[in-house]
Amino acid sequence: MEKLLNFINGEYSEPQSGQYLDNFDPSTGGVYSKVADSDSLDMILAIQSANKAFEKWKSTPVEKRAEILYKIADLIDANADALAFAESQDQGKPVALAKKVDIPRAALNFRFFAGAILHHTEMATDKDGKLLNYTLRQPLGVAGLISPWNLPLYLLTWKIAPALACGNTAVCKPSEFTSKTASLLGAIFNEAGLPPGVCNIVLGRGETVGQTLVSHPGVPLISFTGGTATGEKILKSTASHFKKVSLELGGKNATIVLKDADLKKTIPGVIQASFMNQGEVCLCGEKILVQEEIYDEFLEKFVAATKELQVGDPQDPKTFMGPLVSEPHYLKVKSLIDLARKDKGKIIYGGDRPEGLPEKLKNGYFLNPTIITDISNCSELHQTEVFGPVVTVAPFKYNHDAAKWANNSPYGLSASIWTENLSKAHKLAAGLDVGTVWINTWLNRDLRVPFGGFKASGQGREGGSHSIDFYTELKTVSIAL
Ligand code: NAD
């Protein structure tokens with residue numbers, strides 16, 4: 001059976017302990033490969049290797065660094081089909097989605113930050129002709145980059161690209177549930193001419209290797225995307241070293257449909273925002289709020305469109321939703337549907353496994369898209385992130401009620417507003433306590449804009465110049481003239 005290995009100092013290596021984790025194909029529930037179950041020793045080797053490579057990489061001319069990043073992007077494009085297949089098999093996402101979104105975005109991450117670093121300029125100020133100030137940016141050293149399982153390559157490369165572009169070296173810790181595409185990156189790095197040690201990838205569990213990475217004194221910067229509870233642990237583990245930390249965490253996002261929304265455009269958008277990638281996108285809108293005048297019409301059309309979604313084999317190009325990522329996650333999502341039942345919610349669509357799946361998929365972690373209405377106002381489901389294909393729909397009367405409902409959450413990641421009245425949309429957007437508001441669109445990303453969350457959805461912003469800010473230290477030099 002295939003073994004997914006660590007990539008340390010430019011070479012694939014077995015974990016020192018010789019231990020491996022089972023890696024499941026979520027569409028069959030069967031083990032299809034083994035993932036290195038690394039321990040602190042592997043992680044320390046990777047950190048040492050990144051540390052050794054740092055001096056040379058930071059003084060590599062920016063044009064050369066950018067050239068290598070551009071090559072990595074080209075190689076991701078050249079291997080797009082194989083990477084999309086691997087991502088789909090490993091994560092359960094439809095291969096069509098991986099081809100359209102995940103893999104192109106991974107290439108774009110490298111291309112974008114190669115360009116960004118080439119074009120980056122710093123400021124200088126003059127004070128009365130007597131004092132000249134300018135700023136210098138310097139990389140910090142070894143960046144610890146930790147990613148979750150929902151958008152494996154997309155999110156890991158969102159961290160690697162700016163970290164390396166700015167002259168840091170890196171140690172990556174992808175999710176133990178989805179290590180496959182990260183493990184394929186090593187060969188791409190070597191082919192692109194990335195020097196050994198500049199980017200290392202250590203596979204294994206969060207509580208072991210992840211914990212070593214965040215608490216190691218030789219790693220001054222941590223970029224983490226994952227759950228809020230893990231983010232809190234990481235903040236505590238990094239506090240005593242005053243590490244630079246960026247946290248992109250969970251969400252409980254609202255989709256707000258105003259009475260003047262154009263439902264022809266809105267329904268397809270809300271379908272994506274609800275169920276794309278089986279609802280396993282931190283930005284999915286799990287709470288749909290619809291103005292009461294159009295509530296019945298919206299619901300009827302939304303349910304009709306949901307019924308059309310094909311759930312099944314992620315390798316079938318027509319599939320819209322594949323299986324959930326793992327058995328524990330599948331059980332968690334099912335338990336939240338049960339909670340909705342207990343809280344008097346009406347499951348008006350879904351809530352169960354799809355029927356008629358082929359024999360080979362009968363043990364896969366499949367769930368129908370699920371729509372819940374009439375759930376009690378005080379249900380825990382309004383506060384808990386499902387991270388699966390489950391939405392609640394509720395009516396509201398006034399826009400300020402919608403804002404109140406959207407903000408009634410420990411999280412503050414994103415929201416979407418659907419309306420033809422932009423004046424109302426602007427006012428509503430300004431009142432939402434979230435990092436990103438989309439109007440008449442969803443998950444429409446421009447890599448130049450800041451990305452991050454309010455409240456328990458995280459701290460810090462990445463994206464464009466904000467990433468350059470995060471992955472460098474800024475120094476002011478003042479000269480008396
Ligand atoms: P998770 O927090 O369980 O794991 C994320 C990563 O952290 C994994 O690589 C894991 O191995 C590692 N990890 C776990 N414990 C650790 C520790 N003590 N020290 C260091 N690393 C540790 O999250 P998940 O289940 O993989 O992902 C789902 C969560 O991610 C959801 O809450 C989702 O909303 C969130 N997410 C947020 C964003 C965003 O941009 N805000 C994007 C995607 C996913």
Side-chain angles (χ1 to χ4, degrees), residues 21 35-38 40 43 90-91 93 101-102 105 144-159 171-179 181-182 201-216 219 222-238 243 245-253 276-286 324-330 332-333 336 383-388 409-414 434-436 443 445 447 449-463 466-467:
L21 302 166
V35 176
D37 186 12
S38 311
S40 310
M43 184 49 88
D90 209 31
Q91 204 274 339
K93 70 177 66 234
V101 175
D102 295 69
R105 169 61 190 275
L145 311 177
I146 305 176
S147 53
W149 49 252
N150 64 322
L151 304 168
L153 196 64
Y154 172 130
L155 286 173
L156 186 60
T157 54
W158 168 242
K159 300 175 188 302
V171 176
C172 309
K173 213 304 276 169
S175 169
E176 54 273 42
F177 293 103
T178 53
S179 302
T181 46
I201 300 165
V202 180
L203 309 183
R205 287 169 291 137
E207 61 272 27
T208 53
V209 275
Q211 190 57 45
T212 308
L213 181 60
V214 295
S215 44
H216 195 286
V219 180
I222 298 290
S223 173
F224 171 78
T225 302
T228 294
T230 317
E232 189 184 336
K233 265 193 218 155
I234 289 177
L235 256 194
K236 286 182 182 146
S237 303
T238 52
K243 297 190 182 200
V245 180
S246 157
L247 299 173
E248 296 188 349
L249 309 177
K252 184 76 190 174
N253 314 301
M276 182 202 263
N277 203 41
Q278 304 77 244
E280 294 168 335
V281 179
C282 55
L283 302 157
C284 275
E286 294 184 359
L324 299 190
V325 70
S326 66
E327 188 176 26
H329 189 59
Y330 172 77
K332 181 196 136 185
V333 174
L336 288 167
Q383 309 292 329
T384 306
E385 180 188 42
V386 180
F387 213 49
S409 160
Y411 298 105
L413 193 55
S414 72
V434 295
T436 299
L443 199 64
R445 293 278 290 122
L447 300 196
V449 304
F451 180 82
F454 284 29
K455 304 190 280 185
S457 288
Q459 80 177 25
R461 294 292 179 273
E462 294 191 41
H466 299 269
S467 294

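Start at 1 and go down the list; that is how both ligands and their atoms are numbered.
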**Prompt:** Any sub-3.5 Å donor-acceptor pair from Lys93's side-chain atoms to Asn150's backbone N or O?
**Reply:** yes
**Item:** Contact check: Ser457 vs ligand 1, nitrogen or oxygen atoms, below 3.5 angstrom
**Value:** no
**Message:** Is there a polar contact, in the sense of an N or O pair closer than 3.5 Å, between Glu385 and ligand 1?
**Reply:** yes
**Prompt:** atom 8 (C) of ligand 1: which protein heavy atom is closest, and how many Å away?
**Reply:** Ser147 O, 3.4 Å
**Asked** Where does Val281 meet ligand 1, judged by heavy-atom distances below 4.0 Å: at the side chain, the backbone, both, or neither?
**Response** neither
**Asked** Which atoms from ligand 1 have a heavy atom of Gly210 less than 4.0 Å away?
**Response** 19 (N), 20 (C), 21 (N)
**Asked** For ligand 1, which atoms have a heavy atom of Phe451 less than 4.0 angstrom away?
**Response** 40 (O)
**Prompt:** Is any N or O atom of Leu249, backbone or side chain, closer than 3.5 Å to an N or O atom of ligand 1?
**Reply:** yes
**Request:** For Gly227, take its heavy atoms, then give the atoms of ligand 1 lying under 4.0 Å from any of them.
**Result:** 1 (P), 2 (O), 23 (O), 29 (C), 30 (O), 32 (O)
**Message:** Give me the nearest non-hydrogen protein atom to atom 7 (O) of ligand 1 as residue plus atom name, then the distance to 0.1 Å.
**Reply:** Phe224 CE1, 3.1 Å
**Request:** Could you tell me whether Ser237 approaches ligand 1 through its side chain, its backbone, both or neither, with non-hydrogen atoms closer than 4.0 Å?
**Result:** neither
**Item:** Any N or O of Thr228 closer than 3.5 Å to N or O of ligand 1
**Value:** no
**Prompt:** Considering residues at least two apart in sequence or located in another chain, which fulfil the salt bridge (charged side-chain N to carboxylate O under 4.0 Å, His left out) criterion with Glu176?
**Reply:** Lys173
**Request:** With heavy atoms of Leu155 as the reference, note each atom of ligand 1 found under 4.0 Å away.
**Result:** 42 (C), 43 (C)
**Asked** Any idea which protein heavy atom is nearest atom 15 (N) of ligand 1, and the distance to it?
**Response** Thr230 CG2, 3.2 Å
**Prompt:** Heavy atom under 4.0 Å from ligand 1: found in Phe387's side chain, backbone, both, or neither?
**Reply:** side chain
**Complete:** Within 4.0 Å of some non-hydrogen atom of Trp149, the atoms of ligand 1 are 24 (P), 25 (O), 26 (O), 27 (O)
**Prompt:** Who pairs with Lys252 by salt bridge (charged side-chain N to carboxylate O under 4.0 Å, His left out), at least two apart in sequence or on another chain?
**Reply:** Glu286
**Message:** Could you check whether any side-chain N or O of Arg461 sits under 3.5 Å from a backbone N or O of Gly453, counting only pairs where one atom can act as donor and the other as acceptor?
**Reply:** yes
**Request:** Specify the closest pair of heavy atoms between Ser246 and Glu462, including all atoms of both residues, with the distance to one decimal.
**Result:** OG-OE2, 2.6 Å
**Prompt:** Can you list the atoms of ligand 1 that are under 4.0 Å from a heavy atom of Asn150?
**Reply:** 43 (C), 44 (C)
**Prompt:** Just which atoms of ligand 1 are under 4.0 Å from any heavy atom in Pro174?
**Reply:** 9 (O)
**Request:** Kindly say whether Met43 contributes a backbone atom to a donor-acceptor pair with the side chain of Thr212 at under 3.5 angstrom?
**Result:** no
**Item:** ligand 1 to Gly206 polar contact by distance, N or O atoms, under 3.5 Å
**Value:** yes
**Asked** What do you reckon, does Lys233 have a nitrogen or oxygen under 3.5 Å from a nitrogen or oxygen of ligand 1?
**Response** no
**Item:** Matching residue for Ser237 among Ile222, Leu213, Val214 - test: side chain to side chain contact (heavy atoms under 4.5 Å, CB included)
**Value:** Val214
**Item:** Numbered atoms and elements of ligand 1 in range of Gln211, under 4.0 angstrom, heavy atoms
**Value:** 17 (C), 18 (N), 19 (N), 20 (C)
